[in-house]
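Following: one structure in structure tokens, then a few remarks.
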Amino acid sequence: MLTIALSSLRKTENMIRLCVLFSALLPAFASAQQAAGVEVPRLQIAAQRIDSPQSYRVLCYHDVRDNVRETFKVWPEATAVDTRDLAAQLSWLDQNGYHPVSLQQIIDARAGKKPLPEKAILLTFDDGFESMYTKVFPLLKQFGFPALIAIVGDWIQTPQDQSVQFGDIKAPRKAFVNWDQVREMQASGLIEVASHSHSLHKGIIGNPQGNMMPAAITRFYWPQNKQYESDEAYTKRIRADLERSASLIEKEIGKRPRAMVWPYGANSQIANKIAAEVGMPISLNLEPGPNTPNDDPNYIRRTLVVFDTELNGLAEILRQPATYDGVERPMERVIHVDLDYVYDPDPEVQEANLSKLLDRMVRLRPTTVYLQAYADPDGDGVADALYFPNRHMPMRSDLFTRVSWQLRTRAGVRVFAWMPVMAFKLPDSNPAATHLVQTMPGAPASASQNRYLRLSPFDPLARQTITEIYEDLGKHSAFYGVLFHDDATLSDYEDASPAALAVYRDQWHLSGAMEEMRNDPQVRRLWAQKKTAYLNDFTLHLAATLRKYQPALMTARNIYAEPILNPDSEDWFAQTYPSFLATYDYTAIMAMPYMEGAKDASAWLARLMDTVKQTPGALRTTVFELQSKDWRNNTPIPSATLAAQIRQLRLAGARGVGYYPDDFHANQPEEDIIKPEISVETHPARR
């Protein structure tokens, strides 16, 4: 279950308001209103119409309890809702023109048989709580609303005299439905039964540190022999579980389920494919936003309803877009974290370092952490090793999975995996180790200065190796997005590798002689544009590789300031601001005046901001990354200076700001100075 701090229970303790909400119920519930002894005014909320006529929303409910907040003293469960709140919400949907539909209606609309009604809603109820039968089912019959219920096979099969392992809690078996109740609900014609897996609704060990992660997407780690579950073993485990679940449901109710409702909303392309192969081609997750019948049925979005989702909250979540956690474009407050600061060969010291980092992030409260997934102990920007299991490079420590999971669950931040695109120093024994970006013969020495060692993206073996590194990252970790490093550049002297020359000649129909292309201004510009597009396409290929395992992955990419301030510098970088804005969810500008040698940092930032503003809408997806360290003399930027720079950008209109690096050991930048500028406590993200 999603974890919501119990302190938030105090947000809405006013029981009179609950009575107000309950006033929208059908006459059948009038006696309860009278019993409360409160005169209740009618509450109406008009939801803004933003969805297309053929779209539908899916709401996700779990347990339904009388006096839900009181029950938290015994069994705290943030996804439980109050019986009165559910009744009020169903009534509100009915009165505001929403039309609950069945899964069959969605399937028929997809097949072109009959369109969906306007403002269609699919109601879903997870986990198979007994309240589905005792509280929800009577309400659905009263309103005539269809619904989809998702059953966990292991729980419903638990004998009545035993308890159910529900997360960390031993729940009483009577808290869940039995098969007789399921059959009765199905026979009504209102209820369709879906699989919620047989025994995947739990966490399993996903790394050496013992993090418990969703069983459906995690490769199991065996501490005894220090091995990870193989792809073959993982596939076999998931297939066996889903087949067992589907067969059990078919045996008990006479109909095989066609929908898979993933526990915790955690799924992947691989898991969805297995579900489809065992007869469940429809998969539902927990991403907010609308769906259409023409969308991929493997990725049906659902919005979670929790204990404090009152009517205003319900109206709000029914307006959420399909991305960005249901926020159109949230303000970004980013801290860029090096895992090299956390790593230590002593596991106890490393855990202490992690605790320092987590405590600092909890106090600073950014929205997002760009987290290094590779090891760069010499600081040259090239990956010497990786912080996750992989098949091509040394693993310094299986640390990325651990830290990203802890940041997500303990600090509540979005984690982007910060990864090189090409800058990997492969072991000498790796066949692709020498397949590097090459500088053309006769180039001046300056052409190689400040350039990373990079594998050539034009070389098939190098591309395959990089792709497999990204695939290994995706299958072993869970994260929100990927930040592509600043290493993906090519100058007008690069790439002169044989594979690159062949692409220029055979695919781009340019001269195979780089000197000729450089000397013809028109061809030179075309060549630069094609390299820019080629690198963009390669990063999209890598993002697609990650999405096999992280379906809702967001993308960000670092861009140098010079391509923004001077578009002609595309020759030197193979980067353009407009192409980044069109390609990635976020463009992270390296707004680093000292690195750029600016004499007046404030004036330089003002010029950068003015240039960004010239592109309509650019500020909505741009993150300005400032430097907290002056690498010219290896000294920290004064915290007050950094805070002033963030404030300058923010007041000029920046929605996304951040800094790099964060030295939590040295309290640099100083918390009390930087927090007012970087924390969502002081600058809350507005929806």
Note, Leu553 side chain near Val482 side chain (heavy atom, < 4.5 Å): yes
Please find the pair of heavy atoms, one from Thr292 and one from Tyr56, that lie closest to each other, and give the distance. C-CE2, 3.8 Å
Got more than 12 heavy atoms from elsewhere within 6.0 Å of CZ, Arg360? yes
Could you list all the ring pair (Phe, Tyr, Trp, His ring centres under 6.0 Å) pairs where at least one residue sits in residues 235-254, not counting sequence neighbours? none
Salt bridge (Lys or Arg N to Asp or Glu O under 4.0 Å) partners of Lys202, counting only residues at least two apart: none
Evaluate Tyr221 against Ile205 for side chain to side chain contact (heavy atoms under 4.5 Å, CB included), listing each step before the verdict. CA-CA 6 Å; Tyr221 177 78; Ile205 298 175; 4.2 Å; yes
Side chain to side chain donor-acceptor pair (under 3.5 Å) with Ser283: which residues, sequence neighbours excluded? Trp262, Asn272
When you look at Ile300 and Ile282, which way does the side chain to side chain contact (heavy atoms under 4.5 Å, CB included) test go after all the steps? CA-CA 8 Å; Ile300 294 180; Ile282 299 169; 3.5 Å; yes
Quick one: side chain to side chain donor-acceptor pair (under 3.5 Å) partners of Lys548, sequence neighbours excluded? Glu471
Answer yes if the side chains of Gln104 and Asp108 hold a donor-acceptor pair under 3.5 Å, and no otherwise. yes
Looking at residues at least two apart in the chain, or sitting in another chain, which of them share a ring pair (Phe, Tyr, Trp, His ring centres under 6.0 Å) with Phe416? Tyr370, Tyr480
Begin with the C-alpha distance, continue with both residues' side-chain angles, and end with the deciding distance and a verdict on side chain to side chain contact (heavy atoms under 4.5 Å, CB included) for Val193 and Val182. CA-CA 8 Å; Val193 180; Val182 173; 3.8 Å; yes
Taking 4.0 angstrom as the limit, do Arg258 and Glu192 come out as a salt bridge? yes
For Lys73, all residues meeting salt bridge (Lys or Arg N to Asp or Glu O under 4.0 Å), sequence neighbours excluded: Glu70
Shortest non-hydrogen contact from Val177 toward Ile156: O-CG1, 3.4 Å
Taking only residues two or more places apart in sequence, or in another chain, which ones meet Thr71 in a side chain to side chain donor-acceptor pair (under 3.5 Å)? Arg65
Looking at His201 versus Trp155, is the centre-to-centre ring distance below 6.0 Å? yes
Criterion salt bridge (charged side-chain N to carboxylate O under 4.0 Å, His left out) on Glu243 and Arg256, from CA distance to verdict: CA-CA 10 Å; Glu243 176 59 42; Arg256 196 172 181 87; 3.0 Å; yes
Assess the side chains of Glu184 and Tyr133: does a donor N or O sit below 3.5 Å from an acceptor N or O? yes
Taking the side chain as every heavy atom from C-beta outward, state whether Leu318 and Leu93 have any pair of such atoms under 4.5 Å apart. yes
Mind checking the CE-OG1 spacing from Met212 to Thr409? Nearest 0.5 Å is all I need. 13.0 Å
Arg547: what forms a salt bridge (Lys or Arg N to Asp or Glu O under 4.0 Å) with it, not counting sequence neighbours? none
Looking at Asp180 and Arg183, is any side-chain nitrogen of the basic one under 4.0 Å from a carboxylate oxygen of the acidic one? yes
Quick one: does Arg237's side chain have a donor or acceptor within less than 3.5 Å of a partner on Ala215's backbone? yes
Main chain of Thr401, side chain of Ser404: is a donor-acceptor contact present, judged purely on distance under 3.5 Å? yes
Does any pair with a residue in residues 131-140 pass salt bridge (charged side-chain N to carboxylate O under 4.0 Å, His left out), and if so which ones, sequence neighbours excluded? Asp66-Lys135
Within the side chain of Tyr549, is there an N or O that forms a donor-acceptor pair under 3.5 Å with the backbone of Gln269? no
Reported CD-to-CD1 distance for the pair Gln181 and Ile191, which is rounded to 0.5 angstrom: 12.5 Å
Tell me every residue that passes side chain to side chain contact (heavy atoms under 4.5 Å, CB included) with Glu351, counting only those two or more places apart in sequence or in another chain. Gln209, Leu354, Arg402
More than 12 heavy atoms of other residues, nucleotides or ligands under 6.0 Å from CD of Glu348: yes or no? no
Thr367 side chain to Arg333 main-chain N or O, any donor-acceptor pair under 3.5 Å? yes
Taking Thr303 for the side chain and Leu59 for the main chain, is one N or O donor matched with an acceptor at less than 3.5 Å? no
Axial cation check for Tyr228 ring with Arg219, 6.0 Å and 45° limits: no
Does Gly206 offer a backbone N or O that forms a donor-acceptor pair with the side chain of Asn211 under 3.5 Å? no
Heavy-atom donor-acceptor pair, Gln550 side chain to Gly474 backbone, under 3.5 Å: yes
Look only at the side chain of Gln105 and the backbone of Ser102, and say whether a donor-acceptor pair between them is shorter than 3.5 Å. yes
Give the C-alpha distance, both sets of side-chain angles, the deciding distance and a yes or no for side-chain hydrogen bond (donor to acceptor under 3.5 Å, both in side chains) between Thr309 and Asp85. CA-CA 8 Å; Thr309 304; Asp85 285 344; over 6 Å; no
So which atom in Ala171 and which in Phe166 form the shortest heavy-atom distance, rounded to 0.1 Å? CB-CB, 4.0 Å
Is there a donor-acceptor pair under 3.5 Å between the side chain of Asp82 and the backbone N or O of Asn67? yes
Salt bridge Asp295-Arg110, side-chain N to carboxylate O under 4.0 Å: no
Nearest atoms (heavy-atom pairs only) where Ala216 meets Ala266: CB-O, 3.9 Å
Taking the six-membered ring for Trp and the single ring otherwise, decide whether the centroids of Phe129 and Tyr61 are under 6.0 Å apart. no
Would you give the length of the straight line joining atom CH2 of Trp222 to atom CD of Glu229, rounded to the nearest 0.5 angstrom? 4.5 Å
Any chance you could measure Trp405, atom CH2, to Thr218, atom OG1, to the nearest 0.5 Å? 6.5 Å
If the condition is salt bridge (Lys or Arg N to Asp or Glu O under 4.0 Å), which residues does Arg239 pass it with, not counting sequence neighbours? Glu277
If the test is side-chain contact (heavy atoms from CB on, under 4.5 Å), which one of Ile253, Ile149, Leu140, Leu190 qualifies with Met185? Ile149
Shortest non-hydrogen pair, His99 vs Pro117, comes out as CB-CG, 3.7 Å
Heavy-atom donor-acceptor pair, Arg301 side chain to Pro290 backbone, under 3.5 Å: yes
Taking side chain to side chain donor-acceptor pair (under 3.5 Å) as the definition, give me every residue that meets it alongside Gln160, ordered by chain and number, with sequence neighbours left out. none
Test log, rule side chain to side chain contact (heavy atoms under 4.5 Å, CB included), inputs Leu200 and Ile238: CA-CA 8 Å; Leu200 297 177; Ile238 301 303; 4.1 Å; yes
Would you name the heavy atoms of Pro389 and His476 that are closest together and state the gap between them? O-CD2, 3.6 Å
